[in-house]
Number of protein chains: 2
Amino acid sequence: MIQAHAVRLFTERGYDATTVTEVAEAAGVSPMTVYRHFPTKEDLVLVDQHGQLVAERIAASPAAHPLVRRIGGALIGSAATLTGDDLTTDKQFLLARLRLMISTPALRARHLDNQYAFQQAIVEALGDDDTDPDAAFHAQAAASACLAALHTALVRWAEDEGRTELPALIAKALAAAFGDDMVEGGPVAAGDQPRG
Amino acid sequence: MIQAHAVRLFTERGYDATTVTEVAEAAGVSPMTVYRHFPTKEDLVLVDQHGQLVAERIAASPAAHPLVRRIGGALIGSAATLTGDDLTTDKQFLLARLRLMISTPALRARHLDNQYAFQQAIVEALGDDDTDPDAAFHAQAAASACLAALHTALVRWAEDEGRTELPALIAKALAAAFGDDMVEGGPVAAGDQPRG
DNA sequence: ATCGCATTGATAGTTACTACCAGATTGGTA
DNA sequence: TACCAATCTGGTAGTAACTATCAATGCGAT
């Protein structure tokens, strides 16, 4: 509720031009209550109810598959559940938040930090042996490239006002980056992940 | 001068526990002067004198080479000039800034935003045709993975107190992510960049 | 010596965020 | 119904980052 008013006001007047007090007034609560639920002003846009289960999804995927296939499949699957057909309201809300995240420097920075933490979680979920530093480098690069593909797809999706299906966009971005045989539904390659 | 005092104080007392006013006092200037030179407190750590020439280096590299080879080579070359032998003072300063950037959330977020802007600059410097969206996806993933390798190498370097040579670390991270034939000095692969 | 001109400084104000404490609301129990 | 505990909410006061505006200071050139 508070978050909905916040995103609306930020979109109408701009993020920096809107004070937390104004958000509180619009939501009919005190500024204290806002700070109680959202520790920082940025959280009013960045926090989302649907928690991140992607890391678990990756850990549950078959370890024999290549890294980008495991990560990419989890990303596509999560996007599909997130932007389902009967969730148009949530979809518009997600679009509004996304637009703010992309265009507002403070929000973009915090978002990228979250994404980086997510990347670390993915690398841990992959559960490769920590003893081999090469494997860690490997996983970092694969996770980073997958998240870059996700981000590129999200930006494209926002520019498109959500008309294109998000899972398809992610799959397209992954295919462009890694090759068609790497995305879910395609054939399983014999090799592992990005190697020229 | 101001920046040196800032990094020292942030390291000694912690970033959040140090006020800009204290930095100003240590440097013997007024807080206004600090804000004049460094618009935000974060800039006291993030701003560096040696500007980013890497994008130009990439643009100057042979376009026939694979993407990660072009980007990776530029990163290694820049790191080599940045941490040269007779720059021990700068090296210690860089290490101190790096430690702060890694451990302080606000600094890390701003740093990642800078890195993302850098990624966009790399993609533009690659100068692939903008008409093909697949090529854009492609370049984003390649640049992102290279920067992830760079970041992983930087973290390792900082943990190692700068004892290992930074260019070698970057080359190792790139080799682990993309294969030995992709880093500068290795053979030129016939293909392009990451494709399983 | 004086005139630009750039750098610095002081003052006052806005806003995000915190610490602390007081009242209200809710839900379970006798 | 009456009561108690816990959680939610609100007010007050304070800190610190950052901004706008204007005054003072140094400094080289004519």
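Proteins come first, then strands; the chains are lettered A, B, ... in the order of their sequence lines, and each starts at number 1.
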Quick one: which of [options] gets closest to the side chain of [X]?
X: B:K41; options: D:dA17, C:dA19, C:dG9; result: D:dA17
X: A:Y35; options: C:dC17, D:dG10, C:dG9; result: C:dC17
X: A:V20; options: C:dA10, C:dA19, C:dA16; result: C:dA16
X: B:T40; options: D:dC18, C:dG9, D:dT9; result: D:dC18
X: B:T33; options: D:dC18, C:dT18, C:dT8; result: C:dT8
X: B:H37; options: C:dT8, C:dC17, C:dC20; result: C:dT8

Exercise. Do B:L174 and B:I76 pass the side chain to side chain contact (heavy atoms under 4.5 Å, CB included) test, and can you show the C-alpha distance, the side-chain angles, and the key distance before you say yes or no?
Worked result: CA-CA 10 Å; B:L174 287 168; B:I76 295 172; 4.0 Å; yes

For [X] and [N], what is the distance between atoms [atom1] and [atom2] respectively, to the nearest whole Å?
X: B:D43; N: D:dC18; atom1: CG; atom2: C1'; value: 12 Å
X: B:M32; N: D:dT25; atom1: CE; atom2: C1'; value: 16 Å
X: A:E25; N: D:dT9; atom1: CD; atom2: C1'; value: 17 Å
X: B:Y15; N: D:dA16; atom1: OH; atom2: P; value: 14 Å
X: B:L44; N: D:dA16; atom1: CG; atom2: P; value: 16 Å

Problem set entry | Closest-nucleotide ordering on DNA chain C, the 5'-leading residue of A:F38 and B:R36 |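 Closer to the 5' end of DNA chain C: B:R36.
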
For this session: Nearest-nucleotide wise, let me know which of A:T19 and B:P31 is further upstream toward the 5' end of DNA chain C.
Result: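 Nearest-nucleotide comparison on DNA chain C picks B:P31.
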
For this session: Select from A:V29 and B:T18 the residue whose nearest nucleotide in DNA chain D is closer to the 5' end of that strand.
Result: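 Result: A:V29.
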
Problem set entry | Heavy-atom side-chain contact between B:L95 and B:W157 under 4.5 Å |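 A side-chain contact exists here, since the closest heavy-atom pair is under 4.5 Å.
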
Problem set entry | Identified side chain to side chain contact (heavy atoms under 4.5 Å, CB included) partner of B:F10 from the options B:H5, B:E22, B:K41 |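 Only one option passes, and that is B:K41.
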
Problem set entry | Test: A:E161 and A:R99 ion pair at under 4.0 Å |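 Salt bridge present between A:E161 and A:R99.
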
Exercise. Is the shortest distance from a Lys or Arg side-chain nitrogen in B:R110 or A:D113 to a carboxylate oxygen in the other one below 4.0 Å?
Worked result: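 Judged by the 4.0 Å cut-off on N to carboxylate O distance, B:R110 and A:D113 do not form a salt bridge.
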
For this session: Using a 4.0 Å heavy-atom cut-off across all strands, classify A:P39 as base, sugar-phosphate, or nothing.
Result: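 Sugar-phosphate, backbone atoms only, no base.
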
